[in-house]
Amino acid sequence: MAQQCGGWAAAIRRLGAVGAVVGSGGMTTRRLTMNNSVCWPYFDPEFDTLPERIHGPPCRVCIDNESIEGCTVVKVDSVNKQGLLLEVVQILTDMNLQICKSYISCDAGWLMDVFHVRDENGNKLTDQKVINDIQQAIGISRASPPHYNNNNSVFTTMTNYKTYSKRLLSLLPNPTDQHTAIEMIGADRPGLFSEISAALADLQCNIVEAHAWSHNARLACVAYISDQSTDSAIDDPSRLASIEGHLTTVLRATTNPNTSGGTNHPDVKTSEFLGGEANMTTVERRLHQLMLSVRDFETPSSHKEMKGRRRMVTIESCEQKAYSIVSIECKDRRRLMFDTVCTLTDMQYVIFHASISSHAGCAFQEYFIRHVDGYALDTASEKERVVKCLEAAIERRVCEGVRLELCAENRVGLLSDITRVLRENGLVVVRADVETHGEKAVNAFYVKDISGNEVDIEYFSNSVKREMGPIATLHVKNDTSRRKATSPKQTPLSFGGMLRSRIERLSQGFII
């Protein structure tokens, strides 16, 4: 037995002198155990790209600036997931790009999107920095640089959408970790936004940024506040509870408590919905969600008024492919596609195909959708709810009245003073966007006269100068004439007919 053990020991020593090589899964480890013990891993460089070579890249983006004159074409091919289309639309919208035309096809687990975009001035993208920003925002591959083809097109690979939001966060003038986000919903009334501003000022809170929408007698507001003395976020639970209670009292101070939105959703709460990913579309998506939670799509208009109102949204059935076809025809404007895609996504509908276009100031959109459970819209009540929610999403951003832009040196209580002047002049705020840029506060309000008369701009300007002094700069833009434009006429072009034939060919190509 001793001789046998000695033989095994000698064999092991001989193997150790020569060395042992062990390999597994693309990694090879070499071990020497004679004089010096050395161990290091070896990774096959081809192993890292094996999933991509088998299944293809998770997302490929092509930015084509040569094919079409007057606009830039952004093509996205990707493995599909619920909400991915909204993420791409958010990226383009955050960069203030106008989506003038789009074709969407998401079937059999794959997404193919084509966007025709222009910059905020209506021109094609010629600034290489803007093109690079689009690549970085959608998600550029860290493993390899962008690839340019002969048509001056750029190909890149999408990694993680969250990296885009984190990059945008670093570009914001006021990082959200220095502020506390508060969201408010409730029944709207004249002067409510002014009362909210005054209440926060009394609570020693500085309003750094705020966005408020009013629609169908409901108000939704998202505000960033900081402590007046330390200019930092408020994280004391007792103080936050006091702020929430005070603002809730302000919101519920209405003559009819039953009009608070018909929901058990809290009127005020400190929010963590941004989660370190604060960009403009994140806030606007939250405003859409808040408005949906208070059921602003339930218009208080009478049945007679609703009967004579032209519907912007219609829904048909495509029984052959088990889709519901949502058709939208309305006045074209910025961020329209974001509003409609955001609403459908938050209502748990999947967009399989879509066609977006605009002509002579009119927008035409068609979405082929199913619910996340795989079924089309079956009941008349479900269709009616989708129609109302989409029409509400379109109307929320459309504000009749006068746009006032007021720029002044930032100070504590500035917003409270501005809104007080508006209220004292009989002006109702229907939408507000308040931002701080360094030492300057930029306030944009859509206002209308409480009695329905034309806004007396000259009288209001004198009031601002008298109350605010020469430090404030006021710019006025009257949108009344533009809002009263006639509704778009019916077009003989049927997008449904075109898309049905295209979708049939695409579906046959996808399904193997």
Side-chain angles (χ1 to χ4, degrees), residues 76 81-99 113 115 117 120 133-134 136-139 158-185 207-215 219-226 233-234 265-266 268-294 296 333-349 351 389 392-394 396-397 431-437 442 444:
V76 181
K81 67 173 183 178
Q82 171 67 349
L84 179 59
L85 173 61
L86 177 59
E87 293 176 2
V88 176
V89 174
Q90 277 185 283
I91 292 171
L92 299 177
T93 304
D94 273 328
M95 293 187 170
N96 291 324
L97 300 181
Q98 304 176 33
I99 302 176
D113 298 343
F115 302 94
V117 300
E120 54 187 346
D133 288 343
I134 295 176
Q136 294 176 1
I138 293 181
M158 180 147 80
T159 54
N160 191 344
Y161 172 66
K162 291 184 178 180
T163 60
Y164 150 71
S165 296
K166 292 178 181 177
R167 279 194 291 269
L168 279 187
L169 180 62
S170 63
L171 301 178
L172 290 177
N174 301 297
T176 55
D177 57 357
Q178 299 179 6
H179 310 132
T180 301
I182 292 185
E183 57 185 32
M184 295 159 274
I185 55 174
I207 302 177
V208 181
E209 185 174 345
H211 303 277
W213 288 357
S214 175
H215 180 247
L219 174 75
C221 178
V222 174
Y224 295 96
I225 63 173
S226 62
I234 302 172
H265 194 285
V268 181
K269 68 174 182 179
T270 53
S271 173
E272 298 179 356
F273 72 92
L274 295 175
E277 298 179 3
N279 49 72
M280 192 57 207
T281 53
T282 306
V283 176
E284 291 178 345
R285 182 178 182 183
R286 187 55 183 162
L287 287 171
H288 277 301
Q289 293 171 346
L290 291 174
M291 280 296 195
L292 190 64
S293 70
V294 294
D296 73 318
R333 60 168 174 79
R334 294 175 181 268
R335 298 175 178 258
L336 178 61
M337 184 177 181
F338 167 76
D339 292 337
T340 53
V341 173
C342 173
T343 300
L344 289 172
T345 303
D346 287 338
M347 293 181 70
Q348 300 299 306
Y349 290 101
I351 300 174
C389 290
I394 295 170
R396 286 170 195 149
R397 206 188 292 268
R431 178 179 163 188
D433 293 295
V434 178
E435 298 179 1
T436 303
H437 301 284
V442 180

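The figures here come from the full heavy-atom set of this structure, side chains too, leaving out hydrogens, waters and symmetry mates.
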Asks: Just to verify, what does Ser214 make a side chain to side chain donor-acceptor pair (under 3.5 Å) with, not counting sequence neighbours?
Replies: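 In terms of side chain to side chain donor-acceptor pair (under 3.5 Å), with neighbours along the sequence ignored, Ser214 is linked to Asp188.
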
Asks: So how far is it from Gln348 CD to Thr345 OG1, rounded to the nearest 0.5 Å?
Replies: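 Gln348 CD to Thr345 OG1: 8.5 Å, rounded to 0.5 Å.
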
Asks: State which residues pass side chain to side chain donor-acceptor pair (under 3.5 Å) with Ser226; sequence neighbours excluded, sorted by chain then number.
Replies: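 Partners of Ser226 by the side chain to side chain donor-acceptor pair (under 3.5 Å) criterion, ordered by chain and then number, come out as Asp231.
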
Asks: Who are the side-chain contact (heavy atoms from CB on, under 4.5 Å) partners of Ala212, not counting sequence neighbours?
Replies: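 Partners of Ala212 under the side-chain contact (heavy atoms from CB on, under 4.5 Å) test: Phe193, Leu219, Cys221, Ala432.
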
Asks: Could you tell me which residues satisfy side-chain contact (heavy atoms from CB on, under 4.5 Å) with Ala220, sequence neighbours excluded, listed by chain and number?
Replies: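 In terms of side-chain contact (heavy atoms from CB on, under 4.5 Å), with neighbours along the sequence ignored, Ala220 is linked to Ile185, Leu287, Leu290, Met291.
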
Asks: Going by side-chain contact (heavy atoms from CB on, under 4.5 Å), name the residues that satisfy it together with Thr93, two or more places apart in sequence or in a different chain.
Replies: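 Result, side-chain contact (heavy atoms from CB on, under 4.5 Å) vs Thr93: Val89, Thr281, Arg335, Phe338.
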
Asks: Quick one: list whatever passes salt bridge (Lys or Arg N to Asp or Glu O under 4.0 Å) with Asp113, sequence neighbours left out.
Replies: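 Asp113: no salt bridge (Lys or Arg N to Asp or Glu O under 4.0 Å) contacts found.
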
Asks: Can a salt bridge be assigned to the pair Arg396 and Asp339 using a cut-off of 4.0 Å between side-chain N and carboxylate O?
Replies: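 No.
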
Asks: Please name all residues satisfying side chain to side chain donor-acceptor pair (under 3.5 Å) with Asp346, sequence neighbours left out, ordered by chain then number.
Replies: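 Partners of Asp346 by the side chain to side chain donor-acceptor pair (under 3.5 Å) criterion, ordered by chain and then number, come out as Arg285, Gln289.
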
Asks: Take Val76 and Leu84 through the test side-chain contact (heavy atoms from CB on, under 4.5 Å) and record every step on the way to the result.
Replies: CA-CA 11 Å; Val76 181; Leu84 179 59; over 6 Å; no

Asks: Which heavy atom of Thr282 sits nearest to which heavy atom of Gln90, and what is that distance?
Replies: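 For Thr282 and Gln90, the tightest heavy-atom pair comes out as N-NE2, 4.1 Å.
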
Asks: Taking ring-ring contact (aromatic ring centres under 6.0 Å, His included) as the definition, give me every residue that meets it alongside His215, ordered by chain and number, with sequence neighbours left out.
Replies: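 Scan of His215 (ring-ring contact (aromatic ring centres under 6.0 Å, His included), adjacent residues dropped) gives none.
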
